[in-house]
**Q** 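Pasting a structure below so you can have a look.
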Amino acid sequence: MGRQKGLEWEHVLIQVKNAKGTHLMKCKYCNHVFVGGPHRIRAHILGIRGQGVEKCTKASDTVRNQLKNAMVHGNDHLNSDVQKDANNITIVNANADVSTDASISSSISMNKMATKKQKTETSGSLPMSFELALRKQAEEAIARFFYAEDIAHRKVESSFFHDMLMAVSKVGPSFKAPSAYQLRKKYLNGEVVNVERDLILLKESWKTYGCTIVSDGWSDTRNRPIINVLASSLHGTMFLKSIDTSGHVKTGEYIFKLLKDVILEVGPSNVVQVCMDNAANCVVAGHMIEKEWPSIIYTRCTCHCVDLLLEDIAKCAWIDAILRSAMKISGFITRKQYVLAMFRKFSGKDLLKPSTTRFSYSFIVLSNLLDDKVYGGLRRMVVSEQWCKWNGAKTKKAEEMVSIVLDANFWADVKMIVKVCKPILKLLRLADREGATMGLIYQFKQQMLMEINNMTDIDPMKLDEIKECCIHRLTMLESPLHATGYVLHPLWTANDQEIDHDLQMGWMKTVMLYASGNLVLQNALLDEFYAYRKQASALFQVPFAKDANRLSTPIKWWETFGASTPNLKKLAIRVLSQGTSASSCERNWSTFSLIHTKRRNRLSSNHVQKLVFLHTNLRILKRIKERGFNPIEVTIDMIEKENDEERLLVLQSEQEAQEVDENESLTNVMAYLDDNAQDEDDDFEDDDINFNEDLECLFCCNNSLRFCFED
């Protein structure tokens, strides 16, 4: 009859049993994985040093006391090995901290020196050293792979990387990695199927919260026009598909046909709105969708409208002159290494480098110039002894830059422009966020106009010119959903909404479109809206229904207090759960650029679509797994705390990295040719460089050139 297992085995889960009597085990409390037997288990739980295993940080004192007492008193369930170790442990007071490393390890050390038998047990240090050597070898192999394949170091923190290591460790040394062909075919297709299955729960949530179909276009490194289509909802943005439109004229009818297939796939009843930019063909496609499905509303992208507004403002003659002068300062300093080093000596903050990003970069550069550290550093630098001794200080461009820096009128105009643009950038920050922003967009538009109109320290003629630009673009941006989001947001119930004609018309239009001609539903919605406005329901009158924190999250508020108005509650949740821009499509370009690179430009459109589908949607599933279906509700506090320069600095660093990549592209290609010269008879894989293509695409200034669906 075999020996009975001791109590220590109750604290671990056996993963793999080895032939030599050792086991791959995982602690039930801290999930630490280690190899060994009962000695290692006791060392792990009790924190005994020198046994080649780290101490458990989550085991309770009760567990430690139970295991220690069993070892000391020789519990019947313990085997003979446990009895041997029990003789090595000194009994401690029951009230003492049994997890104290010093008391346990010192008592064991004293007893081990007392008998020859315990000295012989220390011979286990040899396999321990062997294990440490193997661990070091594995870590070095992982590091070497990261260095050789130019993988970002932070990727080692990816949960997907750790899942991979855990799965490989369970198989053991016999594991053989899949081939490149299997990764391209079998496992890629299988993972797409798995992710589509896991996304079913997210799609089910659209029945309650609705979703927004967002679409935009770009061109890849081979100048193929691609249209991306995504579904944005309260719980994140799901990538649906990308369509290669090569050889097609991107008319409104063509875009409508593409989006019609997507809407039918998602389900028309689940779609609240379609959001695209302001190109003429997009507008035509949007109106065709509204005609096909009256309950689906076409909404222009707020970010694109605000971007056009900033472009209009920048075209004003007096603002254009200031922007050009500001770019001369930033450009002169950031493009000359010696001058940049000199500036950093006098300033505690860097200048933003002039570059073209999607939104409002020029105005952020002006704000950066007004920073006390940058402003003071510029003025100290141009009057310093080091500047005067520099040979380049006598050039025409340097003298022009100095005259701008020392011009008081220039800085006064910069302050004026930044002040005017501040409320506009605040609206942009709101619209550019992922999540539910529909309930705030109308209020932020009105607040922007009010703040600009109340500026009294700006020349009236200049201010009227800016206000005219704002009214023109905001009129273009008007949507019945913006008005509905405003009237159904509990934070704005105290405002005088009845006197705003445009607001009431937007709300009424939404009711008619949502009810689709059902007069009973329309009347029910209007009656319930009246009860909501007058706080006629007892649920609306409870004190915590008026708590500021609850009012700031309207979707949770309606789910909690909207039971007395069920029809209005359903409509409010669907509308307030939507975003107001197609920025998620813009952000998706970076995913494409990570996958379809200059060195992997032979990937087919279908292959790229699958890779982007996995890259985007796996992260959504990971977030849902970690946090659950928590709604992404954007609040006013989030917008107030966000900093323009921090966001733009990230964009600038990405732009600089791209420029470095472009400068080194020829060197990389030539090195690739040299390395593969001996294999020119082999077949190229689908992710190798297509040398038959024009190499000009490798040095394209922008590998994600936006074409806005235009020909």
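Since this is a predicted model, take the numbers as computed values, not measurements. One is the number of the first residue; the rest follow in order along the sequence. Hydrogens, waters and symmetry mates play no part in the numbers below; they use all other heavy atoms, side chains included.
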**Q** Answer yes or no: is there a donor N or O on one side and an acceptor on the other, between the side chain of Asn617 and the main chain of Phe613, under 3.5 Å?
**A** yes

**Q** Just checking Phe145: does its CZ atom have more than 12 heavy atoms from other residues, nucleotides or ligands closer to it than 6.0 angstrom?
**A** no

**Q** Under 3.5 Å, is there a donor-acceptor pair between the side chain of Gln273 and the main chain of Thr212?
**A** no

**Q** Taking the side chain as every heavy atom from C-beta outward, state whether Glu290 and Val274 have any atom pair closer than 4.5 Å.
**A** no

**Q** Side-chain atoms of residues 254-270: list all donor-acceptor pairs with protein atoms under 3.5 Å, sequence neighbours left out, distances to 0.1 Å.
**A**
unit_1	atom_1	unit_2	atom_2	d
Asn270	ND2	Val266	O	3.1

**Q** Taking atom OH of Tyr181 as the centre, does the number of heavy atoms from other residues, nucleotides or ligands within less than 6.0 Å exceed 12?
**A** no

**Q** Is the side chain of Glu633 donor-acceptor paired with the backbone N or O of Ile555 at a distance under 3.5 Å, no angle test?
**A** yes

**Q** To the nearest 0.5 Å, tell me how far Leu201 CG sits from His235 NE2.
**A** 11.0 Å

**Q** Is there a donor-acceptor contact under 3.5 Å linking the side chains of Ser246 and Asp244?
**A** yes

**Q** Tell me whether the count of non-hydrogen atoms from other residues, nucleotides or ligands lying under 6.0 Å of NZ in Lys58 goes above 12.
**A** no

**Q** Is any side-chain heavy atom of Glu191 closer than 4.5 Å to one of Asn194?
**A** yes

**Q** With distance as the sole test, does Asp307 use its side chain to make a donor-acceptor pair with the main-chain N or O of Cys303 at under 3.5 Å?
**A** no

**Q** Does Lys610 reach the main-chain N or O of Asn189 with its side chain, forming a donor-acceptor pair under 3.5 Å?
**A** no

**Q** Is there a donor-acceptor pair under 3.5 Å between the side chain of Glu434 and the backbone N or O of Thr237?
**A** yes

**Q** Check whether any side-chain N or O of Thr302 sits under 3.5 Å from a backbone N or O of Thr580 as a donor-acceptor pair, and report yes or no.
**A** yes

**Q** Does some side-chain heavy atom of Glu196 sit less than 4.5 Å from a side-chain heavy atom of Val192?
**A** yes

**Q** Measure the shortest side-chain to side-chain distance between Lys136 and Leu132 over non-hydrogen atoms and say whether it is less than 4.5 angstrom.
**A** no

**Q** Is any side-chain heavy atom of Asn278 less than 4.5 Å from a side-chain heavy atom of Cys305?
**A** yes

**Q** Identify which one of Ile573, Leu234, Thr553 satisfies the side-chain contact (heavy atoms from CB on, under 4.5 Å) criterion when paired with Pro631.
**A** Leu234

**Q** Taking salt bridge (Lys or Arg N to Asp or Glu O under 4.0 Å) as the cut-off, I'd like each qualifying pair that reaches into residues 140-168, sequence neighbours left out, listed once.
**A** none

**Q** Check whether Ser577 reaches the backbone of Arg574 with its side chain - one donor and one acceptor, N or O, closer than 3.5 Å.
**A** no

**Q** Within the side chain of Ser215, is there an N or O that forms a donor-acceptor pair under 3.5 Å with the backbone of Asn228?
**A** yes

**Q** Does Cys211 reach the side chain of Val271, with side-chain heavy atoms less than 4.5 Å apart?
**A** yes

**Q** Do Tyr209 and Phe629 have their ring centres less than 6.0 Å from each other?
**A** no

**Q** Describe, in one word, how the ring planes of Tyr29 and His11 are oriented to each other, choosing from parallel (under 30°), tilted (30 to 60°) and perpendicular (over 60°).
**A** tilted

**Q** Please examine the side chains of Val168 and Phe175, heavy atoms only from C-beta on, and report whether any two atoms are closer than 4.5 Å.
**A** yes

**Q** Mark yes or no for whether Arg619, through its side chain, and His615, through its backbone, hold a donor-acceptor pair below 3.5 Å.
**A** yes

